[in-house]
Structure formats: structure tokens, C-alpha cells
Amino acid sequence: SKGYLEAITWSFTDSNYNDHFKGENNDIKIINPISSELGVLRNSIFSNLIMYMSKNLDRGFKDLSIFEIGPVFTGSNPGDQATIVCGLSAGKKSRLSWIDKERNVDVFDIKRDVVQTLVEAGYNSDNFFIDTETPNYYHPGKSGRLFLNSEKDQVAAYFGEIHPNILKKIDIKTEALIGFEIFLDSLKKQKKT
């Protein structure tokens with residue numbers, strides 16, 4: 001309902017993309033990969049979404065929002081994985097509108113999408129607590145971390161602009177690239193109010 005198209009990608013990815021999003025985690029190498037570009041299990045769905053976002057931008061789709069629901073892997077042991085809803089949005093809002101002025105997608109657009117999604121899932125936005133501590137692949141001044149309550153038990157979501165250094169390194173051609181991650185396992189553990 002928010003204009004995102006669903007992507008379905010492999011659970012493995014290119015280590016060149018994964019390196020930007022793995023944080024403290026180590027690469028989980030696949031012994032017999034289906035191709036040399038898909039040699040590690042993904043630590044973040046961003047690594048695959050950015051790859052496919054870049055391909056679409058190169059083909060002329062300037063304003064695009066995609067998401068995926070799937071597993072990410074934090075270790076090589078069984079159970080070292082989490083289910084995440086991850087999304088990316090690129091380009092401008094209202095590029096072809098004759099009423100609204102065009103503008104780049106920004107952190108407020110992605111924050112609204114995340115908050116609205118959690119509200120639609122049955123959580124009360126009055127209880128949400130948001131601060132600015134996010135992983136280093138987000139822009140430090142244009143990102144946020146969302147908890148379902150002020151006790152800050154578990155992070156429910158991250159959202160924000162993808163760090164400009166990453167955009168330069170992967171040479172993605174867009175005016176703006178913003179993303180979000182919603183941790184479904186954290187939502188299950190919280191009691192709805």
C-alpha cells in the first residue's frame with residue numbers, strides 16, 4: 001500500500017556488497033556457491049536489494065521502492081539467523097506531478113513508512129521510542145532506531161539514508177537512497193497493546 005514492489009532474492013550474496021552491511025559479523029562463506037559472485041550468506045538484505053536497485057536504475061527506472069521479507073545470517077550455527085523486512089527507496093517524490101513539487105526521497109518518508117507499517121501490524125505509535133543510534137551503513141545524521149516502548153528492550157526497526165560513502169563505492173546512480181529494516185523476531189516477543 002506504500003508503493004513498494006516485492007523482491008525475492010537469494011539468501012546468498014556478493015561479498016563486495018555484503019562487506020558494507022555486515023557490521024561486526026564475519027563472512028559466512030559457501031563451500032560450493034552457484035556462482036563466484038554469490039559466495040557468502042547475506043548479513044543484511046540490503047546487500048541484495050542494492051544490487052538489484054542498481055540494475056534497475058541503470059535500466060532507466062529512476063524512482064523505485066522495493067522490499068523483501070527474508071532471513072539474514074549472523075553466524076554459521078543453526079539458529080544464527082533472523083527474519084527481517086527490508087526496504088529501499090530511490091529517486092524523487094512527485095517527479096512527474098503537475099501539482100506537487102518534485103523532491104528527493106528522504107529520511108522522513110522512510111520513517112513514516114516504518115511507523116505506519118508497525119501501526120498497521122497492531123502496535124501503538126504513542127509508545128514508540130526513537131533515537132539516533134544506527135549501524136554505520138546508515139548516514140549518521142539522517143537515520144533512526146525505533147523501539148516499541150521507552151524501556152528499549154529490543155530494536156524493532158532501523159531506518160534512514162544509506163551512507164554516502166557506500167553509494168560512492170558501489171557507484172549507484174540516484175539522487176537519494178533510503179532504507180529500512182524491521183526485525184520480525186523482535187515484534188513477536190513484544191506484547192501488543
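Computed from a predicted structure; not experimentally measured.
- Minimum heavy-atom separation, Gly3 to Ser65: O-CB, 3.8 Å.
- A distance of 10.0 Å separates CZ in Phe12 from CZ in Arg42, rounded to the nearest 0.5 Å.
- One finds the OG atom of Ser89 at 12.5 Å from the NZ atom of Lys2 (value rounded to the nearest 0.5 Å).
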I'd like to know whether Ser44 forms a side chain to side chain contact (heavy atoms under 4.5 Å, CB included) with Glu181, so could you lay out the CA-CA distance, the side-chain angles of the two residues, the decisive distance to 0.1 Å, and finally the verdict.
CA-CA 9 Å; Ser44 170; Glu181 297 164 289; 3.7 Å; yes

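- Without hydrogens or angle criteria, Tyr123 side chain to Leu187 main chain gives a donor-acceptor distance under 3.5 Å.
- Ser54 places no side-chain N or O within 3.5 Å of a backbone atom of Ile50 that could act as its donor or acceptor partner.
- With hydrogens and angles ignored, the 3.5 Å screen pairs no side-chain donor or acceptor of Asp80 with any backbone N or O of Phe73.
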Exercise. Step by step, work out the side chain to side chain contact (heavy atoms under 4.5 Å, CB included) result for Asn127 and Leu148.
Key: CA-CA 6 Å; Asn127 298 335; Leu148 297 176; over 6 Å; no

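- Hydrophobic clustering (side-chain heavy atoms under 4.5 Å, transitive across Ile, Leu, Val, Met, Phe, Trp, Tyr) keeps Leu177 apart from Phe159.
- Between atom CD1 of residue Ile170 and atom CG of residue Asn165 there is a gap of 11.5 Å, rounded to the nearest 0.5 Å.
- Side-chain heavy atoms closer than 4.5 Å link hydrophobic residues (I, L, V, M, F, W, Y) into clusters, and following such links, even through other members, never connects Phe46 to Val107.
- When each of Phe183, Tyr137, Phe180 is tested with Tyr158 by the rule ring pair (Phe, Tyr, Trp, His ring centres under 6.0 Å), just one qualifies, namely Phe183.
- Considering only residues two or more places apart in sequence or on other chains, Lys93 meets the side-chain contact (heavy atoms from CB on, under 4.5 Å) condition with Arg103, Val105, Asp109, Arg112.
- Of the possible donor and acceptor atoms, none in the side chain of Ser76 sits under 3.5 Å from a partner among the backbone N and O of Ile28.
- For the residue pair Ala156 and Ser186, the shortest heavy atom distance occurs at CA-CB, 4.4 Å.
- Between the CG atom of Asp63 and the CG atom of Leu57 there is a distance of 9.0 Å, given to the nearest 0.5 Å.
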Would Ile172 and Ile162 count as a side chain to side chain contact (heavy atoms under 4.5 Å, CB included) here? Give the steps. CA-CA 11 Å; Ile172 194 164; Ile162 303 301; over 6 Å; no

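- Here Asp131 pairs with Phe129, Glu133, Arg145, Phe147, Lys152 under the side-chain contact (heavy atoms from CB on, under 4.5 Å) rule; sequence neighbours left out.
- Cluster membership check: Phe21 does not share its hydrophobic cluster with Ile182, using side-chain heavy-atom separations under 4.5 Å among Ile, Leu, Val, Met, Phe, Trp and Tyr.
- Considering all non-hydrogen atoms of both residues, Ile45 and Glu68 come closest at CG2-OE1, 3.6 Å.
- No side-chain heavy atom of His20 sits under 4.5 Å from any side-chain heavy atom of Ser47.
- Screening Lys92, Glu175, Glu161 against Asn104 for a side-chain hydrogen bond (donor to acceptor under 3.5 Å, both in side chains) leaves a single residue, Lys92.
- In this structure, Leu88 is a member of the same hydrophobic cluster as Tyr17, with clusters built from ILVMFWY side-chain heavy atoms closer than 4.5 Å.
- Remark: Asp171 engages Lys173 in a salt bridge, criterion side-chain N to carboxylate O under 4.0 Å.
- Nearest heavy-atom pair, Thr134 versus Ser143, reported as atom, atom and distance to 0.1 Å: OG1-OG, 2.9 Å.
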Using the side chain to side chain contact (heavy atoms under 4.5 Å, CB included) rule, take Phe67 and Glu6 through it: C-alpha gap first, then chi angles, then the decisive distance, then the call. CA-CA 5 Å; Phe67 80 98; Glu6 185 171 11; 3.5 Å; yes

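- Ion pair Lys142/Asp106 not flagged as a salt bridge, since none of the NZ, NE, NH1 or NH2 atoms sits closer than 4.0 Å to an Asp/Glu carboxylate oxygen.
- A distance of 11.5 Å separates CG in Asn56 from OG1 in Thr174, rounded to the nearest 0.5 Å.
- Annotation: side chain of Val85 is not in contact with side chain of Thr117 (no heavy-atom distance under 4.5 Å).
- The cluster map of Ile, Leu, Val, Met, Phe, Trp and Tyr, joined by side-chain heavy atoms under 4.5 Å apart, puts Ile178 and Leu64 in different clusters.
- Environment of NZ in Lys111: sparse, with no more than 12 heavy atoms of neighbouring residues, nucleotides or ligands closer than 6.0 Å.
- Rounding to the nearest 0.5 angstrom, the gap separating the CG atom in Leu5 from the OH atom in Tyr52 is 15.5 Å.
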Does the side chain to side chain donor-acceptor pair (under 3.5 Å) test come out yes or no for Asn18 and Asn43, once each step is laid out? CA-CA 7 Å; Asn18 193 57; Asn43 294 113; 2.7 Å; yes

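- Looking only at side-chain heavy atoms (C-beta outward), Asp27 and Asp19 come within less than 4.5 Å of each other.
- Closest heavy-atom contact between Pro71 and Ser11: CG-OG, 3.7 Å.
- Counting only heavy atoms from C-beta outward, the side chains of Thr9 and Met51 never approach each other to under 4.5 Å.
- Scanning both residues, Ser125 and Val115, for their nearest heavy atoms gives CB-CG1, 4.2 Å.
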